[in-house]
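The chain is numbered in sequence order, starting from 1.
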Amino acid sequence: MAKSIQFKAGDFLFRRGDASNCVFWIRHGEIEVLRENGDNAILIGHVRGGEWLGEMGVIEGRSRSATARAVSDGTAEVLTPQEFLDRVSRDASLARGLIQRLSIRLRTIEDKIAGDLLLSTREAELVENGAPSSEALPNDNERILLTAGSDSLRSRIGPSAIQVGQLPFVVGRLPINGEASPPRSPDLSIDDQPPFRLSRDHFMISRSQGRLLVSDLGSTLGTVVNGQSIGHDFMRDTALLNHGENRVVAGGWGSAFEFIVSIG
């Protein structure tokens with residue numbers, strides 16, 4: 001039976017490199033997820049009440065890839081790996097979400113090994129959702145515009161809006177000398193300098209079942225979409241986009257790579 005713990009602001013639930021020997025279900029309170037990048041600890045997102053923490057490390061059998069520190073007092077259930085798997089077997093929506101994430105990641109690894117750029121993370125997601133793979137263009141009456149949301153990004157991509165004419169649309173970093181090209185070639189490549197906040201193929205705008213969404217493509221520091229953290233260290237790899245303005249931050253909270261995605 002899962003045990004319950006209380007934590008206080010400033011407590012560490014785990015640190016990067018620790019063994020992934022349990023999964024947390026946050027009942028209430030807030031946890032910040034940090035990733036070391038050089039000498040800096042970068043805030044890549046938050047986990048709040050009603051969300052899972054540390055589940056992918058258990059599923060994949062790897063050590064913790066980030067550090068989890070409490071922002072506020074709260075409580076959490078602590079499940080052993082077997083208790084978590086038992087929970088998954090009873091919860092169809094949880095199981096489906098995990099299967100979809102693992103399927104997307106497996107397809108990405110296959111792409112890298114085989115060098116087959118036609119098999120994309122986007123296609124894996126469409127298969128999981130049962131959507132037709134031929135759906136590539138925005139609706140005729142729907143405009144998708146990408147603009148810089150920070151002065152630093154504006155100096156890199158300019159002040160004018162970039163119109164997204166075809167989906168999926170990938171945003172990433174220009175490789176430096178000696179780096180290989182990413183599995184998915186970006187439609188918008190942006191210069192960045194070490195320590196990098198932007199990955200070579202960082203996030204993707206795509207359509208699934210008639211809805212526009214942003215997918216993190218396994219980036220190092222994750223993506224924040226309208227305040228929701230997505231990526232390797234969080235329960236979701238995708239987030240829906242709303243009609244109107246959306247804020248997408250690549251590289252964790254406080255990153256200069258802040259985009260405004262306008263849909264209308």
Side-chain angles (χ1 to χ4, degrees), residues 5-26 28-76 78 101 105 149-153 156 171-176 179 182 190-203 214-237 239 247-259:
I5 63 167
Q6 295 183 340
F7 53 83
K8 295 186 177 297
D11 288 349
F12 289 89
L13 276 70
F14 53 78
R15 294 177 183 267
R16 185 179 185 184
D18 289 350
S20 297
N21 54 10
C22 64
V23 178
F24 297 89
W25 169 254
I26 308 302
H28 72 271
E30 182 175 347
I31 308 296
E32 60 182 6
V33 181
L34 307 167
R35 179 70 64 83
E36 288 75 23
N37 190 9
D39 295 330
N40 300 317
I42 295 173
L43 174 63
I44 59 175
H46 298 85
V47 177
R48 301 180 174 90
E51 296 180 338
W52 294 96
L53 174 67
E55 78 288 346
M56 293 309 292
V58 167
I59 291 291
E60 296 174 341
R62 57 175 172 81
S63 60
R64 304 294 189 189
S65 60
T67 294
R69 182 173 63 192
V71 176
S72 64
D73 296 355
T75 61
V78 184
R101 291 189 71 188
R105 292 183 185 182
S150 69
D151 291 339
S152 177
L153 181 58
R156 289 173 165 91
V171 175
R173 170 175 61 81
L174 285 168
I176 61 174
E179 276 190 311
I190 306 171
D191 181 54
D192 190 15
Q193 299 297 321
F196 298 120
R197 297 295 288 263
L198 199 64
S199 293
R200 288 170 296 161
D201 50 350
H202 198 109
F203 70 86
V214 171
S215 300
D216 183 88
L217 297 176
S219 70
T220 300
L221 297 176
T223 306
V224 183
V225 182
N226 294 327
Q228 178 185 359
S229 304
I230 61 173
H232 197 280
D233 295 291
F234 303 96
M235 188 60 192
R236 293 182 176 88
D237 290 318
R247 291 198 172 265
V248 178
V249 183
W253 292 81
S255 169
F257 296 99
E258 179 178 348
F259 301 83

Nearest heavy-atom pair of [X] and [Y]: which atoms, and what distance?
X    : Y    : result
R35  : A66  : NE-CB, 3.9 Å
W253 : R197 : O-NH2, 3.3 Å
A239 : Q228 : CB-OE1, 3.7 Å
F24  : A76  : CD2-CB, 4.5 Å

Within the distance-only criterion (no hydrogens, no angle test), does the side chain of [X] pair as donor or acceptor with the backbone N or O of [Y] below 3.5 angstrom?
X    : Y    : result
T67  : R16  : yes
D216 : F203 : no
D192 : R173 : no

Test side chain to side chain contact (heavy atoms under 4.5 Å, CB included) applied to M235 and E51, step by step: CA-CA 7 Å; M235 188 60 192; E51 296 180 338; 5.9 Å; no
First locate atom CD1 of I44, then atom CZ of F234, and finally report the distance between them rounded to the nearest 0.5 Å.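 The CD1 atom of I44 sits 4.5 Å away from the CZ atom of F234.
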Which residues share a side chain to side chain donor-acceptor pair (under 3.5 Å) with [X], sequence neighbours left out:
X    : value
S152 : R156
S65  : R62, D233
R200 : none
N21  : none

My understanding is that only residues two or more places apart in sequence, or in another chain, count here; which of them pass side-chain contact (heavy atoms from CB on, under 4.5 Å) with [X]?
X    : value
T75  : Q6, R27, H28
V249 : V224, S255, E258
D18  : F14, R15, R64

Under a 4.5 Å cut-off applied to non-hydrogen side-chain atoms, are V33 and L53 in contact? yes
Do F259 and I190 come close enough that some side-chain heavy atom pair is under 4.5 Å?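 Sidechains of I190 and F259: in contact.
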Apply side chain to side chain contact (heavy atoms under 4.5 Å, CB included) to S215 and D237, showing your working. CA-CA 6 Å; S215 300; D237 290 318; 5.8 Å; no
Salt bridge (Lys or Arg N to Asp or Glu O under 4.0 Å) contacts in which one or both residues fall within residues 65-75, not counting sequence neighbours: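 Matches after skipping sequence neighbours: E32-R69.
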Could I get the full list of ring pair (Phe, Tyr, Trp, His ring centres under 6.0 Å) partners for F257, not counting sequence neighbours? none
By ring pair (Phe, Tyr, Trp, His ring centres under 6.0 Å), W52 pairs with (sequence neighbours left out) W25, F84
Test F196 against T220 for side chain to side chain contact (heavy atoms under 4.5 Å, CB included), laying out the working first. CA-CA 9 Å; F196 298 120; T220 300; over 6 Å; no
Apply side chain to side chain contact (heavy atoms under 4.5 Å, CB included) to residues E55 and V23 and explain how you reach the verdict. CA-CA 5 Å; E55 78 288 346; V23 178; 3.9 Å; yes
